[in-house]
Structure formats: C-alpha cells, structure tokens
Amino acid sequence: MSFPHHRPRRLRSTPAMRRLVAEHRVHTSDLILPVFVKEGISEPLPIPSMPGVVQHSSESLRRAAAQAAELGLGGIMLFGVPAERDAKGSGAIDENGILNRSIREVRQEVGDDIVVMSDLCLDEFTDHGHCGVLDAQGRVDNDATLEIYGEMAVAQALAGAHLLGPSGMMDGQVAVIRQALDQAGLSDIGVLAYAAKYASAFYGPFRDAVDSQLKGDRRTYQMDSANRREALLEVELDLEEGADMVMVKPAMSYLDILADVAAISPVPVAAYQISGEYAMIEATAANGWIDRQAAIQESVLSIKRAGADSILSYWAVELAEWMSK
Ligand code: PBG
C-alpha cells in the first residue's frame with residue numbers, strides 16, 4: 001500500500017499542537033462591549049429577546065464600564081434610551097440627554113483606561129424611530145439629518161467620547177461630523193464609521209433593547225443584503241470623508257463583505273456581532289441544542305478570521321473572562 005504523502009492531521013494531534021499552529025486568536029483588547037442605558041430607571045431592566053443583556057441604569061452602567069476597563073476590553077459603545085422622544089430627536093443634542101450624560105459619567109469612571117465610544121444616530125431619539133428626520137412627505141431627509149448629526153457629534157465629543165460611531169447610513173455623514181468636530185476644536189476625536197451597514201432582519205432584538213418606535217423599515221438608507229460591491233463604495237467614501245476606522249454590520253451573515261473590506265482597508269476594520277446573532281445562539285443553547293461556550297467562541301473567532309480587527313459583541317465580558325482563565 002502507498003502511504004499519504006501529506007498528513008495535515010499531524011498538526012491537529014493535541015490541544016497544545018493546535019494551539020501552536022492556530023492562525024488566528026481573539027484578544028481581549030479586540031473586543032468592544034455595546035451597552036444600553038435607559039433614562040429614569042434605578043435598577044437595570046432585562047431585555048427579553050436578549051437574555052443576559054440589560055438596559056442599564058446610570059449606576060449599573062458605571063459599574064459595567066469599570067468592569068470592562070478592568071478586564072482590558074478594547075472599548076465600550078454606548079446607546080441611550082431616552083424617556084421622551086420627538087420628531088427631531090432633540091434629546092440627542094441636549095447635553096443632559098441620556099446618552100450625552102452617560103458618556104460624561106462613564107468617562108468620569110474610566111478616564112482613558114478604555115476607549116469610550118458612542119452611537120451617533122437619531123433612531124433612539126425620534127418618536128418615529130427613523131435614523132434621521134423626516135421631510136413633508138414622510139421620507140428620511142438626508143441633508144437635514146446631517147445638520148443634526150454635526151451637532152450630535154460635538155455634544156458627544158464634549159461629553160467625553162473618544163470615538164464616535166455614526167450608524168445612520170446617511171450620505172456624507174462622516175464628512176459633516178469630521179467638519180463639525182474640527183470647527184469646534186475637537187480634532188482629536190475620531191470617527192468609527194458604520195461604513196457597510198445592511199438592512200437586516202437580525203436587528204430584531206435590538207429594537208426591544210432601545211424600545212424602538214419604528215414602523216416600517218430602514219431600506220432607503222441601510223444597504224441591501226443582495227449587494228457586495230457596493231460595500232466597497234461605502235468604505236471608500238467614508239475613508240475619503242475622513243473615517244478613522246470602518247465597520248461592517250451585521251457580522252455573521254456578512255463575513256464575505258468583511259473579508260472584502262479587510263482586504264482593501266488601510267484603516268482598522270470593526271465588525272458588529274449584532275443582537276439577532278446573540279439571540280440565535282442564546283436561544284439554541286437554552287434549548288440544549290448547541291454547546292453555548294463553544295458556539296460563542298467559534299462565532300467570534302470566525303469574525304476575527306474573516307478580517308475584523310475589532311469585534312463588537314454582547315458577550316465581550318464573558319469572552320474576556322473565559323480568556324483570562
Ligand atoms: C442604529 C443601530 C441599530 C443597531 C446599532 N445601531 C439598529 C438598526 O439599525 O436598526 C443594531 C445593533 C444590534 O442589532 O445589535 N442606531
């Protein structure tokens with residue numbers, strides 16, 4: 001009999017051997033923890049469709065931020081859930097609005113020990129739930145929205161955010177934000193652009209997390225999941241407009257996009273493992289149909305392998321704890 005000439009199995013023979021030859025590994029500092037903070041509550045509230053994730057009170061948010069910094073996570077991304085909303089999303093530019101106030105409190109807590117990021121979008125603040133303001137016909141008005149994004153950027157930066165995450169997919173948003181920051185003397189504050197953000201059914205649980213008021217969908221501004229090449233256009237535009245980092249979102253169903261972007265991007269690339277990705281694994285594990293820890297670790301490693309430098313994950317704390325063992 002003739003023996004196989006090549007035996008790739010040799011390098012898979014023991015855990016130590018596999019560890020030696022692993023091409024990719026996730027570091028704690030790759031991970032960014034998204035957090036929700038809700039106005040007017042004194043105890044954290046569970047989010048039913050995201051078991052294990054909560055809407056924080058100001059107090060519990062401070063503790064979560066301190067823990068994230070302590071663990072050595074790369075960043076924390078704040079989302080605000082206001083008590084009141086209006087057509088223009090005024091709470092977003094109010095220095096005492098829930099998000100701006102929380103950024104300030106988190107910075108007081110963690111200083112520069114972890115990168116503090118903030119979601120820059122109107123959907124949590126508008127009573128209609130869209131990421132921008134509406135025109136007389138009820139359509140999302142791109143340029144009127146940009147003006148508000150510029151003001152939001154300055155408010156978030158003054159509150160203390162290190163990196164702003166515009167997620168509204170308005171055309172020209174990065175340029176407007178960059179210009180507003182520079183004009184306000186805030187040229188050190190960076191932009192993590194949600195460059196390729198797709199209209200996705202997997203955002204479902206997030207709508208619970210922010211008490212979303214949205215009726216309809218976001219398909220006139222978020223990308224169509226049929227499109228791959230267009231992601232490169234979005235990334236190029238955001239880079240031209242001054243993005244310091246770019247993001248692909250969602251992650252799991254868009255790993256091809258992530259790989260494409262990672263191949264061309266001269267700046268760091270982030271990917272967002274979103275609420276529906278979280279909920280799917282949690283629900284499957286709760287049924288006993290999947291090994292929870294193994295599935296979570298594999299999902300995050302796959303995002304890293306596809307090319308992400310940073311990964312936003314609701315499991316960031318748990319992943320870091322597993323890695324430190
Ligand atoms: C918009 C925003 C959304 C998410 C992050 N930023 C919702 C949307 O675009 O519909 C989704 C995150 C997730 O699903 O985990 N501000």
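As the structure lists them, so they are numbered: ligands from 1, and atoms in each ligand from 1. Sequence positions, counted from 1, serve as the residue numbers for this chain.
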Worksheet item: At a 4.0 Å threshold, what atoms of ligand 1 neighbour a non-hydrogen atom of Phe79?
Response: 5 (C), 6 (N)
Worksheet item: Under 3.5 Å, is there a donor-acceptor pair linking the side chains of Ser60 and His56?
Response: yes
Practice prompt. Report the nearest protein non-hydrogen atom to atom 8 (C) of ligand 1: residue, atom name, distance rounded to 0.1 Å.
Written response: Arg218 NE, 3.4 Å
Discussion item. So if I count the atoms of ligand 1 from 1 in the order they appear, which ones are less than 4.0 Å from some heavy atom of Asp119?
Written reply: 6 (N), 16 (N)
Worksheet, complete the sentence: In this structure, atom 12 (C) of ligand 1 is nearest to the protein heavy atom Phe206 CD1, 3.2 Å
Worksheet item: What protein heavy atom is closest to atom 2 (C) of ligand 1, reported as residue, atom name and distance in Å?
Response: Lys197 NZ, 3.1 Å
Item to complete: Check whether the side chains of Gln273 and Ser313 place a donor and an acceptor atom closer than 3.5 Å, and report yes or no.
Response: yes
Practice prompt. Check Ser275 against ligand 1 and report side chain, backbone, both or neither, counting heavy atoms closer than 4.0 Å.
Written response: both
Worksheet item: Would you say Thr145's side chain and Asp141's backbone share a donor-acceptor pair under 3.5 angstrom?
Response: yes
Worksheet item: Does Glu277 reach ligand 1, in the sense of a heavy atom lying below 4.0 Å from it?
Response: no
Discussion item. Under a 4.0 angstrom heavy-atom cut-off, which atoms of ligand 1 come close to Lys249?
Written reply: 2 (C), 3 (C), 4 (C), 5 (C), 6 (N), 11 (C), 12 (C)
Item to complete: With heavy atoms under 4.0 Å as the rule, classify the contact between Ile274 and ligand 1 as side chain, backbone, both or neither.
Response: both
Worksheet entry | Aromatic Tyr203 / basic Lys197 pairing, under 6.0 angstrom, 45° off normal | yes
Practice prompt. Could you tell me which atoms of ligand 1, counted from 1 in the order shown, lie closer than 4.0 angstrom to a heavy atom of Tyr314?
Written response: 12 (C), 13 (C), 15 (O)
Item to complete: State if Glu124 counts as touching ligand 1 under the rule of any non-hydrogen atom under 4.0 Å.
Response: yes
Discussion item. Does either side chain, that of Ser310 or that of Asp30, offer a donor lying less than 3.5 Å from an acceptor on the other one?
Written reply: no
Worksheet item: Near Asp123, which atoms of ligand 1 are under 4.0 Å from a heavy atom of that residue?
Response: 1 (C), 16 (N)
Discussion item. Pairs of nitrogen or oxygen atoms closer than 3.5 Å, one from Tyr194 and one from ligand 1: do any exist?
Written reply: no
Discussion item. Can you see whether Ser187 engages Asp182 through a side-chain donor-acceptor pair at a distance of less than 3.5 angstrom?
Written reply: no
Discussion item. Using a 4.0 Å cutoff against the non-hydrogen atoms of Arg207, which atoms of ligand 1 qualify?
Written reply: 8 (C), 10 (O)
Worksheet item: With distance as the sole criterion, is a donor-acceptor pair present between the side chains of His162 and Asp188 under 3.5 Å?
Response: no
Worksheet item: Do side-chain atoms of Arg85 reach the backbone of Glu124 as a donor and acceptor pair under 3.5 angstrom?
Response: yes
Practice prompt. Return yes if a side-chain donor-acceptor contact under 3.5 Å exists between Asp217 and Gln222, otherwise no.
Written response: no
Worksheet item: Any side-chain donor paired with an acceptor under 3.5 Å for Trp315 and Glu282?
Response: yes
Discussion item. Just to check, does Tyr278 reach to within less than 4.0 Å of ligand 1 when the distance is taken from its heavy atoms?
Written reply: no
